[in-house]
There are 2 protein chains.
Amino acid sequence: MAETPWLDDDEMAAWLALVGVLLRLGPALDSQAQRDAGMTHFDYQVMAMLSGAPERRLAMSELAARTNSSLSRLSHVVKKLEARGWLARSPSPTNRRVTECELTTHGYDVLVAAAPGHVSAVRQLVFDGLSPEQVRQLVAIATTVRANLDASDLRTLDG
Amino acid sequence: MAETPWLDDDEMAAWLALVGVLLRLGPALDSQAQRDAGMTHFDYQVMAMLSGAPERRLAMSELAARTNSSLSRLSHVVKKLEARGWLARSPSPTNRRVTECELTTHGYDVLVAAAPGHVSAVRQLVFDGLSPEQVRQLVAIATTVRANLDASDLRTLDG
DNA sequence: GAGAACAACTTGAAGTTTCAAGTATTCCGG
DNA sequence: CCGGAATACTTGAAACTTCAAGTTGTTCTC
């Protein structure tokens, strides 16, 4: 751990505010999606990523990467969504250890129906009151943090 | 829902980056805290908030507010931490429906031992690579988003 | 071209969080 | 000061996520 310089005032303020967002935004999005569309925010993300892929199809591991989730988490969720008929799994024709996931027509319809409410929630919860300038700042900041997270994944923290 | 203007390019970029952070930062912090201190990041937050309060004591509802959690979630977690001897509950002397929570000496020691690893993780995962300018921007942005979240809590979304 | 590592999943159990009730206490209007 | 609302929690069940294996298939190395 070596030496650990404490957080300065700005950093502490940023950290507290960020934790507040972290802890509240997830539940808030889940609650909206659950109420309006009977799905989790993560369910929505999975279907949205599929809908944007060619053929509305992706390998599980690729889908996990694009939804920022573990393969295990994805596997459980996909099983649930498959049971609802919103997507279907099938073995990849080219690599037999790969499972591909495809959004069904029904799933696509459900996604389309859920989209406006989702976008409206994101607007209300995140972008309301932010200037265009701040939105650009947010892109830069969040991108840097994501890079930090990716780097730490590899080093399992602390190196 | 009224009309729903879609997200523009900057907003979409910000949203995707933010979701990435949202989905990865929580687990990353949990994993560090679990590995180094045998606790959840949320457990840490609870104990840290108590340690900063006068007498290291707070009512459950106040603690819930300061940790951005539901009372129910807090209640379950406090029960767990109490079983470990890290904190103790007792009825408030002044208001009989209030339960107060106090960090024990042992709990304080555990917290102090966990702090350096936690701070180091926050530094590594969040602040690494951010300029002081960006840290200040983050404060402003996160504060605005928090205000949005608070506002939506009251209106239960969509008004 | 075996066998060892590795990669892509799946699964069941354990831990966490939410959800829906339920209980006890305090507040407030008449 | 009575009764209905609101507040402050607690609890058990359901839903979700992680964790630790386990399976099957691919790739690499000698």
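Labels below follow one simple rule: chain letters A, B, ... track the order of the sequence lines, proteins then strands, and each chain is numbered from 1.
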| query | According to the side-chain hydrogen bond (donor to acceptor under 3.5 Å, both in side chains) rule, which pairs have a member within residues 106-116 of chain B, sequence neighbours left out? | reply |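 Non-adjacent pairs meeting side-chain hydrogen bond (donor to acceptor under 3.5 Å, both in side chains): zero.
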
| Sequence neighbours excluded - side-chain hydrogen bond (donor to acceptor under 3.5 Å, both in side chains) pairs with any residue from residues 16-31 of chain A |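 side-chain hydrogen bond (donor to acceptor under 3.5 Å, both in side chains) check on residues 16-31 of chain A returns A:Arg24-B:Asn68.
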
| request: Using the closest heavy atom to pick a nucleotide of DNA chain C for each, name whichever of A:Leu71 or A:Ser31 lands nearer the 5' end. | output: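 Residue closer to the 5' terminus by nearest nucleotide: A:Leu71.
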
| field | Of A:Arg89 and B:Arg73, the one whose closest DNA chain C nucleotide lies more 5' | value |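 The residue mapped nearer the 5' terminus is A:Arg89.
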
Are [X] and [Y] packed together at the side-chain level, in the sense that at least one heavy-atom pair is separated by less than 4.5 angstrom?
X        : Y        : result
A:Gln137 : A:Ser131 : no
A:Val77  : A:Gln45  : no
B:Val110 : B:Met39  : yes

| field | With A:Ala13 via side-chain contact (heavy atoms from CB on, under 4.5 Å) - residues at least two apart | value |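 side-chain contact (heavy atoms from CB on, under 4.5 Å) check on A:Ala13 returns B:Val139.
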
| task | List for me each residue that meets side-chain contact (heavy atoms from CB on, under 4.5 Å) alongside B:Asp128, sequence neighbours excluded, and say none if there are none. | result |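 Result, side-chain contact (heavy atoms from CB on, under 4.5 Å) vs B:Asp128: A:Asn148.
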
| query | Among residues 74-88 of chain A, which contact DNA chain C at a heavy-atom distance under 4.0 Å? | reply |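 A:Ser75, A:His76, A:Lys79 - these, ordered by number, are the residues of the stretch whose heavy atoms sit under 4.0 Å from the strand.
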
| field | Those residues of residues 58-66 of chain B lying under 4.0 Å from DNA chain C by at least one heavy atom | value |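 Listed by number, there are none.
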
| query | Can you name the closest pair of heavy atoms from A:Ser70 and A:Arg73 and give their distance? | reply |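 Closest heavy-atom pair between A:Ser70 and A:Arg73: OG-N, 3.0 Å.
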
| request: Check whether any side-chain N or O of A:Ser92 sits under 3.5 Å from a backbone N or O of A:Thr94 as a donor-acceptor pair, and report yes or no. | output: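 At least one qualifying donor-acceptor pair exists.
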
| query | Within the side chain of A:Thr104, is there an N or O that forms a donor-acceptor pair under 3.5 Å with the backbone of A:Gly107? | reply |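 The answer is yes, because a donor-acceptor pair under 3.5 Å joins these two groups.
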
What is the distance, to the nearest angstrom, from the [atom1] atom on [X] to the [atom2] atom on [N]?
X        : N      : atom1 : atom2 : value
A:Asp30  : C:dT18 : CG    : P     : 9 Å
B:Glu100 : D:dA8  : CD    : C1'   : 12 Å
B:Arg35  : D:dA20 : CZ    : C1'   : 17 Å

Ignoring hydrogens and angles, write down the donor-acceptor pairs under 3.5 Å from the side chains of residues 47-62 of chain A, residues two or more places apart or on other chains.
{"unit_1": "A:Ser51", "atom_1": "OG", "unit_2": "A:Ala48", "atom_2": "O", "d": "2.9"}
{"unit_1": "A:Arg57", "atom_1": "NE", "unit_2": "A:Glu102", "atom_2": "OE1", "d": "3.2"}
{"unit_1": "A:Arg57", "atom_1": "NH1", "unit_2": "A:Glu100", "atom_2": "OE1", "d": "2.7"}
{"unit_1": "A:Arg57", "atom_1": "NH2", "unit_2": "A:Ser90", "atom_2": "OG", "d": "3.1"}
{"unit_1": "A:Glu62", "atom_1": "OE2", "unit_2": "A:Arg66", "atom_2": "NE", "d": "2.7"}
{"unit_1": "A:Glu62", "atom_1": "OE2", "unit_2": "A:Arg66", "atom_2": "NH2", "d": "3.4"}

| With the threshold set at 4.0 Å, does a side-chain nitrogen-carboxylate oxygen contact exist between A:Glu82 and A:Lys79? |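 Not counted as a salt bridge, because no side-chain N and carboxylate O are separated by less than 4.0 Å.
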
| query | Quick one: does B:Ser72 reach the base of D:dT10 with a side-chain donor-acceptor pair under 3.5 Å? | reply |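 Donor-acceptor pair under 3.5 Å: no.
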
| A:Glu11: what forms a side chain to side chain donor-acceptor pair (under 3.5 Å) with it, not counting sequence neighbours? |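 Partners of A:Glu11 under the side chain to side chain donor-acceptor pair (under 3.5 Å) test: B:Arg123.
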
| field | salt bridge (charged side-chain N to carboxylate O under 4.0 Å, His left out) contacts in which one or both residues fall within residues 13-23 of chain A, not counting sequence neighbours | value |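 Residue pairs passing salt bridge (charged side-chain N to carboxylate O under 4.0 Å, His left out), neighbours aside: none found.
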
| query | Where does the angle between the aromatic ring planes of A:Trp15 and B:Phe127 fall among parallel (under 30°), tilted (30 to 60°) and perpendicular (over 60°)? | reply |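 Correct class here is perpendicular.
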
| How far does the helix from C:dG1-D:dC30 to C:dG30-D:dC1 bend, going by the axes of its first and last five pairs, to the nearest 10°? |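 It works out to 30° between the end axes.
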
Report all interatomic pairs (protein N or O, nucleotide N or O of nucleotides 24-28 of chain D) with separations under 3.5 Å.
{"unit_1": "D:dG25", "atom_1": "N2", "unit_2": "A:Arg97", "atom_2": "NH1", "d": "2.7"}
{"unit_1": "D:dT26", "atom_1": "OP1", "unit_2": "A:Arg96", "atom_2": "N", "d": "3.0"}

| Between A:Leu71 and A:Val46, is there a shared hydrophobic cluster once you connect ILVMFWY residues whose side-chain heavy atoms come closer than 4.5 Å? |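 Yes, because A:Leu71 and A:Val46 connect within a single hydrophobic cluster, where side-chain heavy atoms sit under 4.5 Å apart.
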
| field | Any residue of residues 37-56 of chain B with a heavy atom less than 4.0 Å from an atom of DNA chain D | value |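 Per residue number, the list is empty: none.
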
